[in-house]
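Every chain is numbered from 1 and lettered A, B, ... according to where its sequence line falls, protein lines coming before strand lines.
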Number of protein chains: 4
Amino acid sequence: MAQPAATVGPDSKSARTRKRILDAAAYILSRKGYAGTRLTEVADLADLQAPAIYYHFPSRDDLIEEVMWSGIADMRDHVAATLAALPEETSPIERIAIAAEAHLRHELQISDYTTAAIRNAAQVPAKIRTRQLDEEIAYGAIWKKLFEEAAETGSLPDHLDLSSARMLLLGALNWASEWWTPDVRPLDTVVQTAQSMIRRILGDEGVQEI
Amino acid sequence: MAQPAATVGPDSKSARTRKRILDAAAYILSRKGYAGTRLTEVADLADLQAPAIYYHFPSRDDLIEEVMWSGIADMRDHVAATLAALPEETSPIERIAIAAEAHLRHELQISDYTTAAIRNAAQVPAKIRTRQLDEEIAYGAIWKKLFEEAAETGSLPDHLDLSSARMLLLGALNWASEWWTPDVRPLDTVVQTAQSMIRRILGDEGVQEI
Amino acid sequence: MAQPAATVGPDSKSARTRKRILDAAAYILSRKGYAGTRLTEVADLADLQAPAIYYHFPSRDDLIEEVMWSGIADMRDHVAATLAALPEETSPIERIAIAAEAHLRHELQISDYTTAAIRNAAQVPAKIRTRQLDEEIAYGAIWKKLFEEAAETGSLPDHLDLSSARMLLLGALNWASEWWTPDVRPLDTVVQTAQSMIRRILGDEGVQEI
Amino acid sequence: MAQPAATVGPDSKSARTRKRILDAAAYILSRKGYAGTRLTEVADLADLQAPAIYYHFPSRDDLIEEVMWSGIADMRDHVAATLAALPEETSPIERIAIAAEAHLRHELQISDYTTAAIRNAAQVPAKIRTRQLDEEIAYGAIWKKLFEEAAETGSLPDHLDLSSARMLLLGALNWASEWWTPDVRPLDTVVQTAQSMIRRILGDEGVQEI
DNA sequence: AATGAATGAGGATTCATTCAT
DNA sequence: CATGAATGAATCCTCATTCAT
């Protein structure tokens, strides 16, 4: 008899195929770039034929847009959730250090989506870029707020351009996907180094270990 | 100097056309990515027809390889020359700050080549990557040496993983091409912020203004 | 026979299209030569668009290789089958005469493939040539054996270089595709003349009519 | 002062360059076929640049036409001269045997032009073919006459279709360029075999050695 | 929900040819 | 006479997309 709503639920066969396609697209997109992403290659990886993709996405660009968008959206969710879980009294600088860790771990361990989004931001056509840009701004707002809170508590050194510092820091984190591999040094080392650098940069005094 | 206008010299017609093609390719490559770089678009920008490119380069990949290679090679030359010009007594940390400035200025003001090389490093096929990788290693060696010298003079803080710090720093610099535009904040501000951050990170004491 | 219309059998739609492409390629190849064979022309003749060929063959050269190869292979099958059907007691010279007839009829009446293979043997690049050469050697072996059997029965005239004679004879047959057309003289006349010549050349006595 | 006619005579520099181009074209044409003959390759072989060819020939097709035409014309001259030098009393069959030798030697030893003309007769576009066809008919007329003379002296066997026999014989000779190489068997052997075959085919009695 | 078969737009590359020098 | 530089017309091939099944 008529199957319940499960047929279109998040675990329906269709939903799972759709997920497989997105995963495959994120993987290829992060490695080959926007123009280098072939639907046949995505299909191969998702273990189906290219035309089947059209059952789940109206076009190649729609598929890519979804990858690029959720690359940032997932990151935002992850970092926001991490921050929300912190005790009230966590200091602003500590919050930044923890956000940096969340960013790095999500980018490097969890998500081809984020790598895809980061690497292709500049290459994607305007049409796709728009929705992603909104998301980027929203994610940027989190960081902006973190820095502002740090500034308000007077804990930042004078003469440091806040917005430049923020962008440089995010760059250091984003770029990690270009060079980090698990076999050269553990992710923990990178995370700790980044946090140590953050504390030295933003702390108003000489820096000590945690 | 009675030479007859250097038939194949750096100013010959051929050499100038070749340069125009390279410039155009660097421009497109940095914006569209490896797979997205169309010879027709390059040709349009260089003000000739696509097949004319083949008079100057054996193939699309050869053209791109040259752009990617000189993107790093030029950067290396620029930074190496800057460092070579410093007085003997310049401190290791100061040398790093100055190298960072040279890197940023070359990347952001001078060279589409470098942006192209940086952005496409991960997308380019192995064949092209090889020569560029050599150059990258050579450039990386400069930074490695700078950090080692800083470490030797005992001026670095304990418990800082040198190689992670170096890669994070270079990431911050490389990523600047993704967000910096002259109309939001002057390059000088970015350079000073980066240098200030470097001094705070690497200095072995509480940080003071320049 | 309850089989569902043989999805990939020799009569499937795909198999029929593939055959149409091969036929068209053989036709063009035999008339325009290797370098002169355009995929668009083949496609026109096969009544589809050029890129559709790539659904059935990996490349132009693969298509041509298959034509060239089966040009010889079909000939070999045809001649071998004809010889196999002869009564045991057929004399060696008579076998040669009959093989010549089979060769001529296959070349002139049946197969663009064979004409294509014969005419382009010298022009095709090494890669394609290899497989065809194997087949040629196998076909040549049939003729070599026929001549050796004739020699063993002592029926050949003295002082006739067997291998030269064989090659000259095959040349006479192969070349027929360059000049014979059905409207000048019937094929039967050519066949009978060729057979008469063979009997006179190889018979050890004065020559008589059949 | 004004140089005499020698400037444009058969040994002028221009004439020699022209000859080099023709030789190169004949070489390439005989090996790569009409469509496969590239002006750059011809130019390479003739030791000049492709555009220089246009000083000597109005177009690629004109160059090829000249090669194809003189391939046959030279053959005709050579065979005609050989026949003309024979003593009056030479028998018709002997004249045919001698013509065959002249044909084989010219084709295999002397002339890429002839090989080019023979191999490409069927592939060349109509425009080029026309002039060559006239020449072919003229050359064919020599052979036709030879056979008619043999027939008139009553020396041919009955029931042999003269024109078929002639075409088959010429085919055997023409095809030799496809298989003969000096390293497998001496040309003399091929010539003698061909002549022996001719005498057995056309002689009205059992065949004896020369 | 998916595939086999095909198409049309475009992209790199080749090549005869031109032309100023 | 010849070449350096360039062009425009093809040609092979790739790829997103369509559609009947």
Side-chain angles (χ1 to χ4, degrees), chain A residues 7 12-14 16-18 35-43 46-64, chain B residues 5 7-8 12-18 35-43 46-61 63, chain C residues 5 7-8 12-18 35-43 46-61 63, chain D residues 7 12-14 17-18 35-43 47-64:
Chain A
T7 353
S12 67
K13 192 180 168 212
S14 184
R16 270 178 288 124
T17 304
R18 196 183 136 88
T37 296
R38 315 268 172 247
L39 285 191
T40 44
E41 216 173 336
V42 172
D47 217 29
L48 39 71
Q49 304 291 326
I53 293 176
Y54 285 84
Y55 189 83
H56 301 275
F57 298 89
S59 77
R60 174 183 182 267
D61 274 4
D62 284 276
L63 165 59
I64 290 178
Chain B
T7 353
V8 284
S12 66
K13 189 184 173 207
S14 190
R16 270 178 288 123
T17 305
R18 199 185 133 89
T37 297
R38 315 272 173 235
L39 287 191
T40 44
E41 217 173 334
V42 173
D47 214 30
L48 38 72
Q49 303 294 319
I53 293 175
Y54 287 84
Y55 189 82
H56 301 275
F57 298 89
S59 75
R60 174 182 181 270
D61 274 5
L63 166 59
Chain C
T7 354
V8 284
S12 66
K13 190 185 172 205
S14 189
R16 270 178 289 124
T17 305
R18 200 184 134 88
T37 297
R38 313 276 173 233
L39 286 190
T40 43
E41 217 173 335
V42 172
D47 213 29
L48 38 71
Q49 303 294 318
I53 293 175
Y54 286 85
Y55 189 81
H56 301 275
F57 298 90
S59 76
R60 174 183 182 269
D61 274 5
L63 167 58
Chain D
T7 352
S12 67
K13 192 181 168 211
S14 182
T17 304
R18 196 184 138 89
T37 296
R38 316 266 173 249
L39 285 192
T40 43
E41 215 173 335
V42 172
D47 218 27
L48 38 73
Q49 304 289 325
I53 293 175
Y54 287 83
Y55 188 83
H56 302 276
F57 299 89
S59 78
R60 175 183 181 266
D61 274 4
D62 284 275
L63 166 59
I64 290 179

Let's see if you can work this out: which of [options] has an atom nearest to the side-chain heavy atoms of [X]?
X	options	value
C:His56	F:dC1, F:dC15, E:dA6	E:dA6
B:Tyr55	E:dG11, F:dG4, E:dA16	F:dG4
D:Arg60	E:dA16, E:dT7, F:dA5	E:dA16
B:Leu48	F:dA16, F:dT7, F:dA5	F:dT7
B:Pro51	F:dT7, E:dT17, E:dA9	F:dT7
C:Gln49	E:dA2, F:dC12, E:dG8	E:dG8

Given atom [atom1] of [X] and atom [atom2] of [N], what is their separation to the nearest angstrom?
X	N	atom1	atom2	result
D:Asp61	E:dA16	CG	P	10 Å
A:Phe57	F:dT18	CZ	P	16 Å
C:Tyr54	F:dT14	OH	P	7 Å
B:Leu39	F:dG8	CG	C1'	16 Å

Item to complete: Starting from the 5' end of DNA chain F, give me the residue, B:Ala50 or A:Thr40, whose nearest nucleotide shows up first.
Response: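 With B:Ala50 and A:Thr40 compared, the 5'-side residue is B:Ala50.
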Discussion item. Judged by each residue's nearest nucleotide on DNA chain F, which is more toward the 5′ side, B:Ile53 or D:Asp47?
Written reply: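 Its nucleotide being nearer the 5' end, the pick is D:Asp47.
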Fill in: DNA chain F: stems of at least 3 consecutive Watson-Crick or G-U pairs whose donor-acceptor distances fall under 3.5 Å
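E:2-21 with F:2-21 - these are the stems of 3 or more pairs that involve DNA chain F.
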Fill in: 5′-ward residue of the pair C:Ala52/B:Ser59 relative to DNA chain E
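Its nearest nucleotide lies further toward 5', so the answer is C:Ala52.
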